[in-house]
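Here is the structure we will look at.
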Amino acid sequence: MDANASHHSFEAFLLFESDALRGRSNIEFMETNATERKTLDDRQKMTDLERLRHSCAHVMATAIAKLWPDAQFAAGPPVENGFYYDVELEHRISPEDFLKIEAEMKVVTKSNQTFEKVVVSRDDALDQAKRGRLAALNDRAVPSKFKLDIIQGIPEGEAISFYKNGDFIDLCAGPHVMRTGNIGAFKLTHVASAYYKGDEKNPQLQRIYGTAFKNKTEMEAYFNMIEEAKKRDHRKIGQEMSLFVIDTEFVGPGLPLWLPKGAAIVEELEKLAKETEFAAGYVRVKTPHIAKEKMYLTSGHLPKLYADSMFPPMQLRDEGSGGGLDAREAELHQKEGNLEEMVSKEFAAFKKNSGIDLLSPDQVNDFLGSLSEEYQKKFDEYVHQKFAIGLVRSGQPVERYYLKAMNCPHHHRIFAAEPRSYRDLPLRLAEYGTNYRYEQSGELFGLMRVRSLNMNDAHIYCQPEKFAEEFNAVNELYLKYFKIFGLEKYVMRFSTHDPKRLGEKYVNEPELWIQTENMVRDVLKNSGINYVEVPNEAAFYGPKIDVQVWSIIGREFTIATNQVDFAVPKRFGLVYRDKDNIDKTPLCIHRAPLGTHERFIGFLIEHYAGNFPLWLAPEQVRVITIGDEQPLVDYAKSIIQELRAQMVRAEGDYGTDPIKAKIQKAEQSKVHTMLVIGGRDMEAGAVSVRLHGKGNLGAKPKTEALANIFTAIRERREI
RNA sequence: GCCCAUGUAGCUCAGUUGGCAGAGCACGUCCUUGGUAAGGACGAGGUCAUCGGUUCGAUCCCGAUCAUGGGCUCCA
């Protein structure tokens with residue numbers, strides 16, 4: 001591997017590791033497309049709705065040009081849920097301006113102007129742009145600079161056209177609706193910034209987003225759908241159900257804390273993974289959260305390529321002020337003395353201020369909290385120096401430690417820890433490892449983008465000839481999980497290499513590529529898995545499979561990536577002794593079917609809208625008494641004991657609230673199963689069963705009701 | 001990181017054109033003893049994100065910082 005190639009491999013490596021959990025694959029996909037210019041034919045393929053929305057972008061530009069004639073427009077395409085137009089304008093457009101703009105837009109749609117297409121010569125186009133006539137209502141002193149730039153970028157021979165509505169003329173390839181009045185309903189939604197042509201070296205523009213529909217009814221339906229999705233937002237439900245919090249003040253942004261109810265879900269998922277993986281022949285390992293710098297220098301994440309995504313290192317520094325050890329120890333004693341002096345002074349002042357002579361333990365804590373910043377700083381310096389001296393004396397070298405951003409290097413070292421024979425393979429090392437990644441602050445998003453993540457990780461080391469079998473087994477795992485979570489729509493995006501770019505974008509192992517890709521393709525084909533093949537999207541060192549799933553309301557999530565890796569084990573010098581007594585490098589399959597707890601639970605919350613199936617429900621059963629008489633409470637408590645003895649998460653509500661209030665509380669907190677008991681039930685040895693969202697099922701013998709609960713949980717299905 | 005918006009009680013949000021800080025829910029105490037989505041009374045809860053500036057006076061105006069959210073890919 002030459003230097004350049006290995007540079008790419010680090011990049012590819014980090015791409016895999018981040019893609020798996022960040023769902024970046026789409027972005028990558030789009031970027032590849034974006035480099036290819038849309039042809040005029042492509043543009044004619046616009047759907048009716050896109051055509052309408054693109055027309056609406058022109059209407060918006062017309063309105064903005066009227067309000068701010070110096071506005072410079074760049075591009076205004078239709079997008080997934082509407083349209084935008086990029087505009088350069090001194091005035092900062094805020095949502096308050098939307099009403100004003102919309103009012104002007106309404107004037108344009110009401111007057112029902114025709115969209116007229118005019119095909120012009122290149123010279124004409126340039127001339128009009130220079131006169132500032134494009135994307136404007138009149139001639140202007142300054143040229144329409146972005147339009148001018150765009151015209152210059154149009155290849156020779158391609159037709160250039162203007163579209164005109166009323167007095168507004170814009171450079172545009174179309175297509176458009178016939179008249180402005182065809183835009184039945186529209187609304188501006190938000191404003192953001194974007195660089196011209198997406199390049200940060202270009203000027204920053206204001207991107208104004210809006211949406212448009214044939215008629216009001218369809219627009220209302222769209223906004224209702226948005227509202228529905230908002231109700232399912234994992235951040236909202238997570239708070240309502242007390243699943244997790246993000247304590248930015250004391251713990252840090254992007255570092256979620258799982259509350260007991262959320263941790264219950266975490267535990268259930270781990271239990272599922274452990275059972276499933278155990279049955280599939282995985283062995284579990286445990287690795288520390290940190291490793292020496294050498295680890296990541298070897299893996300290639302450091303010194304540069306992954307450094308930005310890792311938390312800065314913990315450095316055990318020897319930062320003495322020169323001089324021998326003796327001199328520095330003397331300095332340390334001096335510092336100790338100074339500190340003591342400072343403390344006694346501040347203590348005296350504290351006692352004087354509070355007027356207390358003998359402090360209680362609480363008051364001592366108050367005092368410690370009140371110590372001056374200067375003292376704290378000196379104290380830190382003191383501790384640091386003491387530590388550094390200790391290190392020097394013990395003869396340890398200065399070291400840097402990093403929080404791990406991925407588990408594979410640790411697992412590779414586990415592979416390397418013992419001599420491996422082909423008889424030991426496949427070795428499937430599994431771990432719910434906690435990784436730390438320094439995501440950019442603007443990238444953080446609820447549980448979906450975090451800085452600490454628990455990955456359902458495993459690395460399968462196998463002989464190349466066993467690959468198909470292993471890879472197939474991994475896919476079986478996925479299908480099994482999809483079934484458990486009721487995921488009906490999924491697609492595996494199988495990314496392959498491009499032979500033309502071997503040695504540049506892809507590791508130069510033509511035969512290995514073809515061989516591995518064929519193996520992957522065969523497995524996918526034979527197993528009847530729903531997949532699409534995406535050429536020229538593989539990672540540097542092997543084909544990859546992104547797993548996209550759709551939640552019950554049709555939102556798409558990328559939950560996991562599988563990666564076939566025929567290059568990195570080599571970097572770690574991993575070998576096994578084969579039958580022929582030769583050391584060979586194993587293939588490695590990286591896989592994480594349940595992604596990370598953070599992202600996966602975020603997905604599940606939205607998928608289920610917080611109404612988890614019984615086995616996952618944070619509170620599975622609540623026993624509710626009608627009244628608070630002692631015998632009834634005792635009966636309820638005995639039921640809870642029976643449930644808890646079988647690891648069922650059960651709580652009791654024995655309070656004095658009226659029964660309707662207790663039911664509502666339980667329903668609102670989405671308790672899966674309510675066992676309501678009154679005097680009648682107690683005498684009959686019965687419970688009356690109510691399921692969340694499904695209402696009262698009526699009285700059942702207690703033993704039968706409990707047995708149903710136990711079985712349903714064990715089999716991970718509904719009652 | 002960059003642009004824009006937001007930050008008031010545990011939660012959802014009012015409010016003050018600059019002059020003692022508000023509601024509902026949740027919480028606590030008491031009353032209520034009831035059969036499947038809210039019985040009642042009283043009470044406790046706040047450095048109005050943080051720091052600085054203007055002012056007789058700042059939660060409000062100005063600036064900075066931090067955090068959260070929407071974007072920063074979909075090219076005439």
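Residue numbers start from 1 in every chain, and the chains themselves are labelled A, B, ... in the order their sequence lines are given, proteins ahead of strands. In what follows, every heavy atom counts, from backbone to side chain, and hydrogens, waters and symmetry copies are set aside.
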Say we look at [N] and [M]: how far apart would their [atom1] atoms be, to the nearest angstrom?
N: rG18(B); M: rC25(B); atom1: P; result: 32 Å
N: rU47(B); M: rG69(B); atom1: C1'; result: 25 Å
N: rG15(B); M: rA58(B); atom1: C1'; result: 15 Å
N: rU12(B); M: rG7(B); atom1: P; result: 13 Å
N: rC30(B); M: rA23(B); atom1: P; result: 24 Å
N: rG45(B); M: rA67(B); atom1: P; result: 31 Å
N: rG24(B); M: rA64(B); atom1: C1'; result: 36 Å
N: rU68(B); M: rU32(B); atom1: P; result: 49 Å

Handout entry: Lys NZ or Arg CZ of Arg451(A) over Tyr436(A) ring: under 6.0 Å, within 45°
Key =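 The answer is no; the distance or angle limit is not met.
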Just how far, in rounded Å, is [atom2] of [N] from [atom1] of [X]?
X: Ile624(A); N: rU33(B); atom1: CD1; atom2: C1'; value: 16 Å
X: His54(A); N: rC74(B); atom1: NE2; atom2: P; value: 15 Å
X: Asp657(A); N: rG35(B); atom1: CG; atom2: C1'; value: 15 Å
X: Ile93(A); N: rA5(B); atom1: CD1; atom2: P; value: 12 Å
X: Tyr196(A); N: rC72(B); atom1: OH; atom2: C1'; value: 17 Å
X: Gln440(A); N: rU68(B); atom1: CD; atom2: C1'; value: 17 Å
X: Arg449(A); N: rU68(B); atom1: CZ; atom2: C1'; value: 16 Å
X: Tyr84(A); N: rC4(B); atom1: OH; atom2: P; value: 19 Å

Practice task
List in chain and number order the residues that pass side-chain hydrogen bond (donor to acceptor under 3.5 Å, both in side chains) with Arg133(A), two or more places apart in sequence or in another chain; answer none if no residue qualifies.
Solution key: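 Listed in chain order: nothing, the list is empty.
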Practice task
Identify, with sequence neighbours excluded, every residue that meets side-chain hydrogen bond (donor to acceptor under 3.5 Å, both in side chains) alongside Asp123(A).
Solution key: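 side-chain hydrogen bond (donor to acceptor under 3.5 Å, both in side chains) check on Asp123(A) returns nothing, list empty.
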Are [X] and [Y] within salt-bridge range, i.e. N to O under 4.0 Å?
X: Lys670(A); Y: Glu619(A); value: no
X: Lys544(A); Y: Glu537(A); value: no
X: Asp170(A); Y: Lys147(A); value: yes
X: Glu606(A); Y: Arg232(A); value: no
X: Asp657(A); Y: Lys665(A); value: yes

Within the 4.0 Å heavy-atom criterion, would you say [X] contacts the bases, only the backbone, or no part of the nucleic acid?
X: Ala57(A); result: nothing
X: Lys660(A); result: sugar-phosphate
X: Ile659(A); result: sugar-phosphate
X: Ala173(A); result: base

Completion exercise
For RNA chain B, the dot-bracket notation using Watson-Crick and G-U wobble pairs below 3.5 Å, [ ] for pseudoknot-type crossings and | for other-strand pairs, is (((((((..((((.....[..)))).(((((.......))))).....(((((..]....))))))))))))....
Distances under 3.5 Å between nitrogen or oxygen atoms of protein and nucleotides 69-71 of chain B:
| residue | atom | partner | partner atom | Å |
| --- | --- | --- | --- | --- |
| rG69(B) | OP1 | Gly446(A) | N | 3.0 |
| rG69(B) | OP2 | Leu444(A) | O | 3.3 |
| rG69(B) | O3' | Arg235(A) | NH1 | 3.1 |
| rG71(B) | O3' | Tyr209(A) | OH | 3.3 |
| rG71(B) | N2 | Ser193(A) | OG | 3.3 |

With the side chain of [X] defined as its heavy atoms from C-beta on, choose the nearest nucleotide among [options].
X: Pro658(A); options: rA37(B), rG35(B), rG39(B); result: rG39(B)
X: Ala75(A); options: rG35(B), rA37(B), rC75(B); result: rC75(B)
X: Tyr195(A); options: rA37(B), rC2(B), rU33(B); result: rC2(B)
X: Glu629(A); options: rU33(B), rU68(B), rG34(B); result: rU33(B)

Exercise for the section: Using heavy atoms to find the nearest nucleotide of RNA chain B for His692(A) and Tyr438(A) separately, return the residue whose nucleotide is more 5′. Expected result: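 Looking at the nearest nucleotide for each, Tyr438(A) comes out on the 5' side.
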Exercise for the section: Would you kindly compare Asn696(A) and Gln239(A) by the position of their nearest RNA chain B nucleotide and give the one closer to the 5′ end? Expected result: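 Counting from the 5' end, the first nearest nucleotide belongs to Gln239(A).
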Any side-chain donor near an acceptor of the partner, [X] and [Y], under 3.5 Å:
X: His58(A); Y: Gln113(A); answer: no
X: Thr558(A); Y: Asp546(A); answer: no
X: Asn165(A); Y: Thr114(A); answer: no

Would you give me the side-chain donor-acceptor pairs under 3.5 Å for residues 68-77 of chain A, sequence neighbours excluded?
| residue | atom | partner | partner atom | Å |
| --- | --- | --- | --- | --- |
| Gln72(A) | OE1 | Lys145(A) | N | 3.2 |
| Gln72(A) | NE2 | Pro143(A) | O | 2.8 |

Exercise for the section: Answer yes or no: is there a donor N or O on one side and an acceptor on the other, between the side chain of Arg622(A) and the main chain of Gly652(A), under 3.5 Å? Expected result: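 Here the side-chain-to-backbone pair does not exist.
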Exercise for the section: Indicate syn or anti for rC20(B), taking the glycosidic torsion and treating anything within 90° of 0 as syn. Expected result: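 Because its glycosidic torsion lies within 90° of 0, rC20(B) adopts the syn conformation.
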Handout entry: Syn-anti status, with the boundary at 90° from 0, for the nucleotide rG45(B)
Key =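 Base orientation relative to the sugar is syn.
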Nucleotide N/O of nucleotides 25-29 of chain B paired with protein N/O under 3.5 Å:
none

Practice task
Answer with yes or no whether Asp681(A) presents, from its side chain, a donor or acceptor under 3.5 Å of a partner atom in the base of rG35(B).
Solution key: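 Present.
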Problem - Presence of donor-acceptor pair under 3.5 Å, side chain of Thr656(A) and base of rU33(B) - result: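 No.
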Exercise for the section: Determine, using ring centers only, whether Phe83(A) and Tyr209(A) are less than 6.0 Å apart. Expected result: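 Aromatic pair excluded; centres sit 6.0 Å or further apart.
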